[in-house]
Amino acid sequence: MRKPTILVTRRMPPAVEARLKRDYDARLNPDDRIYSSEELIAKAAGADGMLICSSDKITPEVVAHLPESVKIIATFSVGYEHIDVMACEARGVIATNTPGVLTDATADIAFLLILAAARRAYEAQTMLRQGQWTGWHTTMLLGIDLAGKRLGIFGMGRIGQAVARRALGFGMEIHYHNRSRLPQELEAGATYHPTLESLLQVSDVLSINAPSTPETRNILNAERIALLPDGAIVVNTARGDMVDDAALIGALRSGKLRAAGLDVFAGEPNLNKEYLSLPNAYLLPHIGSATIETRDRMGFTALDNLDAVLLHGRPAPNRLW
Ligand code: 8YV
């Protein structure tokens, strides 16, 4: 029997590429160059499925011009704002994501950012490496305790809940805002806020864990930042486009906010360069899910979806429509 053909738009971890080659006629991208929309369409000619990443923009135009042969688009990511799911549905192209397998890795990075922001890790590292550490003193690089502080979680899905579990271990009080209130057993003592505005007012540390949607785009703007307690910390491991960069940078400069920890940025990798000059911004290049185990799991989950549809004629486990 003919092996189905998969267009793989980015280089995959070795174990994932091995499984792809075993089960499919895989069109790999060893150079890892990001394809334009035109290239995506041309390279998909005759393919049964596509394995994409969040760097590939599956717009309504791309969906409309995909060859008839493409039955499924599996993204190697939990976020799927780069896929026009309605356009896929309208054309009958199945779209899938990889929920659940990057929860812990991403929550770990959220906590790394919370700690780094609260304890001035960037300034400390810079001082030491630049030979400016002249000796210990009682008021050198003072940060803040996390114990006893209120952590506000915007978006209490799997990752938000995993951040909450970690925060409990650090003695923080958990508050959250979500579209709907969680059942009591999942809330685990956290306080629900029916509005984001109410959450912001009590968030000594704000962690953004919501999906990027038309409703959440630019949601953390100047007016909402003003609602945070003075000296609050903002951490984002979700998507950069939920934050108004100019407003966040202004608040970090003015001292309204103590610090920020950011793993994601609007327009990645071309982040707003002003962040680079801020000593109180701890910045990472979107490494939330970057562990060996997690990236393998993401690839295998995407493959499980492709396998279900293309090898077994079954429903995809993580179908988006
Ligand atoms: C991925 C992510 O690294 O899964 C997501 O939504 O943001 C990241 O962890 C990236 O998007 C891979 O496509």
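Reckoned from all heavy atoms, side chains included, excluding hydrogens, waters and symmetry mates. Ligands are counted one by one from 1 in listed order, and the atoms in each one are counted from 1 as well.
Taking the six-membered ring where tryptophan is involved, the planes of Phe170 and Phe111 are essentially parallel, since the angle between them stays under 30° and well short of 60°. Using a 30° and 60° split on the angle between ring planes, Tyr192 and Tyr176 fall in the tilted class, from 30° to 60°.
Within the listing of ligand 1, atoms 13 (O) sit less than 4.0 angstrom from a heavy atom of Cys53.
Nearest protein heavy-atom contact of atom 9 (O) of ligand 1 is Ser289 OG, 2.7 Å. Of all protein heavy atoms, the one lying nearest to atom 7 (O) of ligand 1 is Arg239 NH1, 2.7 Å. Nearest non-hydrogen protein atom to atom 10 (C) of ligand 1 is Ser54 OG, 3.4 Å. The nearest protein atom to atom 12 (C) of ligand 1, hydrogens excluded, is given as Phe76 O, 3.1 Å; this is a heavy-atom distance. The shortest contact between atom 4 (O) of ligand 1 and any protein heavy atom is with Val78 N, 2.8 Å.
For atom 2 (C) of ligand 1, the nearest non-hydrogen atom from the set His82, Arg10, His286 comes from His286.
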message: Walk me through whether Thr59 and Asp84 qualify under side chain to side chain donor-acceptor pair (under 3.5 Å).
response: CA-CA 5 Å; Thr59 59; Asp84 194 303; over 6 Å; no
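For Arg119, the CZ atom counts as loosely surrounded, since its 6.0 Å shell holds 12 or fewer non-hydrogen atoms of other residues, nucleotides or ligands.
For Arg11 and Glu17, the salt-bridge test fails: no basic side-chain N is under 4.0 Å from an acidic carboxylate O. Taking the charged nitrogens against the carboxylate oxygens, Asp204 and Arg150 do have a contact shorter than 4.0 Å, which makes a salt bridge.
Some N or O of Gly79 is nearer than 3.5 Å to an N or O of ligand 1, by distance alone.
Residue contacts with ligand 1 for Leu102 involve side-chain atoms from C-beta outward but no N, CA, C or O (heavy atoms, distance under 4.0 Å). If you look at Glu268 next to ligand 1, there are no close heavy atoms at all, none under 4.0 Å.
Looking only at atom types and distance, the side chain of Tyr24 has no donor-acceptor partner in the side chain of Asp48 under 3.5 Å away.
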